[in-house]
Amino acid sequence: MIIDTHCHLDDNRYDEDLDMVMQNAYSGGIGGVLIPGADIKDLPKAARIANAYKNVFFAVGVHPYHIDDFDENELRKFAKNSKCIAVGECGLDYFRLPKDESEKLAEKESQKRVFKAQLDLAVELNLPVILHIRDSNEDCYNILKEYASRLKGAVLHCYNASPLLLDLSKFGKFYFGIGGVLTFKNAKNLVEILPKIPRDKLLIETDGPYLSPEPYRGRRNEPFYTQFVAQRMSEILDLEKEEIIRITTQNAKMLFGNFNTE
């Protein structure tokens with residue numbers, strides 16, 4: 001069974017056929033799904049979905065693009081739900097920073113403040129963290145280095161092939177989420193660094209509805225498509241697909257602890 005460790009099932013693009021999406025997943029060998037938190041307004045919906053389906057869980061978190069809505073009390077409220085198993089996705093995203101230098105600096109500082117607040121919450125609640133890192137490798141590395149000894153665990157969602165971030169593996173708590181990007185023709189850096197990632201720190205994800213793998217690139221992504229990620233990983237690492245599935249499922253259960261795939 002494959003565990004999809006990052007799929008936004010609360011996105012409205014799944015509203016009309018979520019039952020079918022989940023049926024396709026279960027019948028296609030997908031053993032569980034984790035819904036990350038991104039927009040705090042979607043938490044009630046994520047919780048409802050997680051409680052409605054077997055082996056579907058959710059996380060409480062605020063994406064860097066939604067930091068203006070950050071409300072720690074709201075995150076704490078939903079973290080009490082038995083289906084909440086992580087904090088995030090949280091992190092730093094410098095892709096859309098303002099052009100004005102003073103505004104740019106202020107935005108970076110705001111993102112760091114909200115990121116650290118969520119890391120503190122994860123430490124307090126003893127929950128693993130789902131990390132979002134875009135165009136911010138150095139700042140994220142420096143922050144995570146400081147928190148490494150206190151974190152229960154973390155996954156670098158949609159790992160961007162940064163050698164600097166791979167260095168976090170030396171702390172033994174950081175996992176690397178691999179998704180559909182691995183199947184893209186321009187994924188040279190990710191293909192080259194994949195064999196360097198410790199086997200016991202590999203995870204599979206979709207980031208659905210985004211980043212569908214080949215041959216479904218450009219369409220809505222869904223958990224069933226993790227099969228294509230597993231296949232590509234097996235080719236690059238010269239391992240049987242079944243072994244990739246066994247390793248990544250074991251890793252997901254080690255990090256998050258709640259998926260029952262027996």
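Taken to the nearest 0.5 Å, the CG atom of Leu202 stands 7.0 Å off from the CD1 atom of Ile244.
When only modelled atom types and interatomic distance are considered, Asp39 and His63 share no side-chain donor-acceptor pair under 3.5 Å. Tyr225 and Asp4 share no donor-acceptor pair across their side chains, judged by distance under 3.5 Å alone.
For the residue pair Ser136 and Asp93, the shortest heavy atom distance occurs at OG-N, 4.2 Å.
With respect to the salt-bridge test (charged N to carboxylate O, under 4.0 angstrom), the residues Lys45 and Asp15 qualify.
Contact annotation: the side chain of Ile130 approaches that of Leu34 to within less than 4.5 Å [non-hydrogen atoms, C-beta and beyond].
Ring geometry for His6 versus His157: interplanar angle under 30°, hence parallel rather than tilted (30 to 60°).
Atom CD of Glu138 is surrounded by 12 or fewer heavy atoms from other residues, nucleotides or ligands within 6.0 Å. More than 12 heavy atoms of other residues, nucleotides or ligands shown are found within 6.0 angstrom of CG on Asn12.
Geometric assessment of Arg134 against the ring of Tyr94 yields a negative cation-pi assignment under the 6.0 Å and 45° thresholds. Taking the centre and axis of the six-membered ring of Tyr175, the NZ or CZ atom of Lys201 falls inside the cone set by 45° and 6.0 Å. For the pair Arg219 and Tyr216, the cation-pi test (distance below 6.0 Å, angle within 45°) is failed. A cation-pi contact, defined as under 6.0 Å to the ring centre and within 45° of the axis, links Lys83 to Phe57.
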